[in-house]
S.K.: 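Quick one: the structure is below, questions incoming.
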Amino acid sequence: MIKQPQPLPESHPLSRIRQFFQHGDLLWRAILVLISILVLALMLSIGWMLWQSSSNARTIFGLSFLLPTTDASWDPVNNLFQAWPFIYGTLLTSLVALLLALPVSLGIAIFLAELCPDWLRTPLNWLVELLAAVPSVVYGLWGLFVFLPMVVAPLGTNLAAVFGQIPLFAGPVTSSGASRLGAALVLSVMIIPTIAAISRDVLLAIPNSQREASLALGSTQWETIWQVLIPYGLSGILGAVILGLGRALGETMAVTMVIGNSIETSASLLRPGYTMASIIANEFAEAVTQLHSEALIEVGFVLFVMTLLLNMLARFLVWRVASRTPQEARV
Amino acid sequence: MNKKFFVVFAVLAIASMLLSACGAPATPAAPVAPEVQTQVVVQTQVVEKIVQVTPTADMSKPTDMPAGSVTVNGAGATFPAAVYADWAYAYQYVDPSVVINYQGIGSGGGKKAIVDGTVDFAGSDSLLADADYTNGKDLQMYPTLGGAVVLIYNIKLAKPLPTPAAGATAVTLPALVLDRQTLVDIFNSKITKWNDPAIVKLNSAWADYLPATDIVTVHRSDGSGTTEIFTKALASFSADWKAGGAQSVEWPKGNNVGGKGNAGVAASVINTPGAIGYVELNYALSNSLAYASLINQAGKTIVPNNASVQAAMAGAQFSDKMTATIVDSKDPAAYPIAGFTYLILHTTNMKDCVKAQKILEFWKWAETDPSAQSRVVKLGFSPLPAADSKLMLDGLSKVACNGAPVLK
């Protein structure tokens, strides 16, 4: 006969400890808290590192590093650095890309979620997701050898001919098509699948009762989509836009390959430009002087802060939208 | 469909396995006997490498260390990376006991790595800062080889070339010729059209064909030793060049674009009618790109090749740090945009004396072995002239480990 171990008396110190860990709740909670703190610590340490290792550049150039100027210099020989052309390039290309991508991806999402016949849905879904998984350097190569000469160069030339008076569309366009417009278009192609795939999932997650109710009230399909489904899923769609914007802001390889990497004085979309991520990728490995690498790190810091701010702004928008929609309508 | 795919895949996989098997030393355990000429022919259409090991004094004592027992890591300039990789490959047959790795991460990265002590040797096109010599870092630069930076161009002709009469050879245009001032003016955006009188005057054969289109200058967007050689040459050519000479410079505002790496510059030039850019000679050669001849200081039109770079190197005046600038040479036969690339070593405080010996033996072999030197020319670079080579070897013989010279 097997002898059962006697349970320890309640007063025994070991039993207290065992009780403490008995269900693992506490342990689990501790691990999860630790992991969440890790994310926070990681963010802070990245920020701190960038801040710390750009201290000389920050003290020497001060605010002039960031301020808009038409005659910015980025001169590693004489150690004069101003980051405005890169800040402008990043903001312009990302925002234009987002503007171009948003209607297209929303259209794709609506079609896939609401209108698409079943036999077409699976292959289309699959293709959209595949597009999101293409490495950026492939987009860069395609952009450089196909998209720039075949689409961007003629498009840019025509835009410059028609709207040339507006500073944003001032020419001349380089014959290869390398331009901020090219970068924005390639970026928009890159973020369309991200926004479209998430927005589609958001729309699909909306309960059918909403559609049925709307149709029962006599709405057309278009009215149902536009006045019921889109507002219902707005916070989710905004989340998709944030992800798309994040990709556009930080994209390095594809942009470097098509934007022309030139520090331009003009504000035109049709001229070559430069972005923050590109200048870091291009020059960091060969930054010889201390100040040059510190200036590049400061550019990295600006990019980091800008991404944080834009994300916070977008979060705020989501929160505003969400707080306006009724509780049960949130996705 | 799937099956077919699989078969193709399998064939590829087997082929790659065979390739890698042939690529490595056939019997890694057995050292190659010095008298034997090792011939390894990789049996594919794509790669055909013949390694001929010429016996040298060093090899009279074949190493008794097991194959691959010493790993030497180097990193740095991309400019000579093709040659260093080729040398490292061939050296496996000379001394199987040592494996040499070289990563082309850029001169700046290489210098950082050797100062931090993460690599055993570094390659660099740019010079060490004075502080790196003085603050107990015991570093020394040695020239290893020279190379030229050439101008590639993409000119859409103003009118098509005449069709040749039956039997006659097709009409072709000679290589574009530029002089030093014109080149500076082009990169300063002072000359902006291809049919500018300054260009037409230098290229009478092109007179009817040079178009009235804009010139787009293409530069390296990444920091690079190639840029340093090129911009130092521009600075030497004319006082009009204000941007200075460095690995990254502030390019004059104008119709310019930047491409990443030699490949990026070449792609931009090929894609942009009216473009002119600079790449290493070996890159232009291996990709069959047309490149311009330059009129040097002595007024002679010079094609960039081994001979004209040799001429530039022959006039090199080495400083006491064993470095020299050879752009804009006065020699009438010299190509004006050329430069040395350097090896950086610790001279006194290498810890591992066996490794130190292996490193120095490798570099001595690279600089003295005829087959190693012929590889340099084949790849579009130029080996050091005898005097410079002697200077370098003298320098290497001074490297010491634990107070004793490494090379006996």
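Note: hydrogens, waters and symmetry copies are ignored here, and every other heavy atom, side chains too, is used. Below, chains carry the letters A, B, ... as their sequence lines are ordered, and counting in each starts from 1.
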S.K.: Check this for me: A/F147, atom CZ, are more than 12 non-hydrogen atoms of other residues, nucleotides or ligands nearer than 6.0 Å?
M.R.: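 Yes, because the 6.0 Å sphere around CZ of A/F147 holds more than 12 heavy atoms from other groups.
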
S.K.: Which of residues 230-244 of chain B have a heavy atom under 4.5 Å from any heavy atom of chain A?
M.R.: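 Residues of residues 230-244 of chain B touching chain A at under 4.5 Å: B/A243, B/G244.
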
S.K.: Which atoms of A/T174 are under 4.5 Å from chain B, going by heavy atoms: the side chain, the backbone, both sets, or neither?
M.R.: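 Answer is side chain: those atoms of A/T174 sit under 4.5 Å from chain B.
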
S.K.: Of all the heavy-atom pairs spanning A/H292 and B/S248, show the shortest one and how long it is.
M.R.: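 Shortest heavy-atom separation between A/H292 and B/S248 comes out as CE1-OG, 3.9 Å.
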
S.K.: Has B/E250 got a side-chain atom pairing as donor or acceptor with A/W74's backbone, closer than 3.5 angstrom?
M.R.: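 Checking the backbone N and O of A/W74 against the side chain of B/E250, a donor-acceptor pair under 3.5 Å is found.
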
S.K.: What part of B/S224 is in contact with chain A, defined as an atom under 4.5 angstrom from a non-hydrogen atom: side chain, backbone, both or neither?
M.R.: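 Interface part for B/S224: backbone (N, CA, C, O).
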
S.K.: Counting heavy-atom pairs closer than 4.5 Å to chain B, which one of A/S293, A/P76, A/A153 comes out on top?
M.R.: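 The answer is A/P76.
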
S.K.: Could you go through the side-chain contact (heavy atoms from CB on, under 4.5 Å) check for B/V249 and A/D75 one step at a time?
M.R.: CA-CA 6 Å; B/V249 301; A/D75 189 346; 5.6 Å; no

S.K.: Got A/D71 and B/K253 here, is their nearest side-chain heavy-atom distance under 4.5 Å?
M.R.: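 Yes; the side chains approach each other to less than 4.5 Å.
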
S.K.: Can you tell me if A/F304 has over 12 outside heavy atoms packed within less than 6.0 Å of its CZ?
M.R.: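 Buried by this count: over 12 neighbours within 6.0 Å.
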
S.K.: For the backbone of B/P273 and the side chain of A/S175, can you confirm whether one donor and one acceptor N or O come within less than 3.5 Å of each other?
M.R.: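 Between the backbone of B/P273 and the side chain of A/S175 there is a qualifying donor-acceptor contact (under 3.5 Å).
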
S.K.: Using heavy atoms and a sub-4.5 Å threshold, report which of residues 253-279 of chain A line up against chain B, by residue number.
M.R.: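 Listed by number: A/M253, A/T256, A/G260, A/N261, A/S262, A/I263, A/E264, A/T265, A/R271, A/P272, A/Y274.
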
S.K.: Which atoms of B/K156 are under 4.5 Å from chain A, going by heavy atoms: the side chain, the backbone, both sets, or neither?
M.R.: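 Contact with chain A is absent: no heavy atom of B/K156 under 4.5 Å.
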
S.K.: Using a cut-off of under 4.5 Å on heavy-atom pairs, state which of B/G223, B/G225, B/S221, B/G261 scores highest against chain A.
M.R.: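 Among B/G223, B/G225, B/S221, B/G261, the one with the most close pairs to chain A is B/S221.
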
S.K.: Chain A: which of B/S107, B/G109, B/A246 shares the most heavy-atom pairs with it under 4.5 Å?
M.R.: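 Top count of heavy-atom pairs under 4.5 Å with chain A: B/S107.
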
S.K.: Is any side-chain heavy atom of A/N282 less than 4.5 Å from a side-chain heavy atom of B/K260?
M.R.: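 Yes. Closest side-chain heavy atoms under 4.5 Å.
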
S.K.: Below 4.5 Å, heavy-atom pairs only: which of B/N256, B/I270, B/V216 has the largest tally toward chain A?
M.R.: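 Among B/N256, B/I270, B/V216, the one with the most close pairs to chain A is B/N256.
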
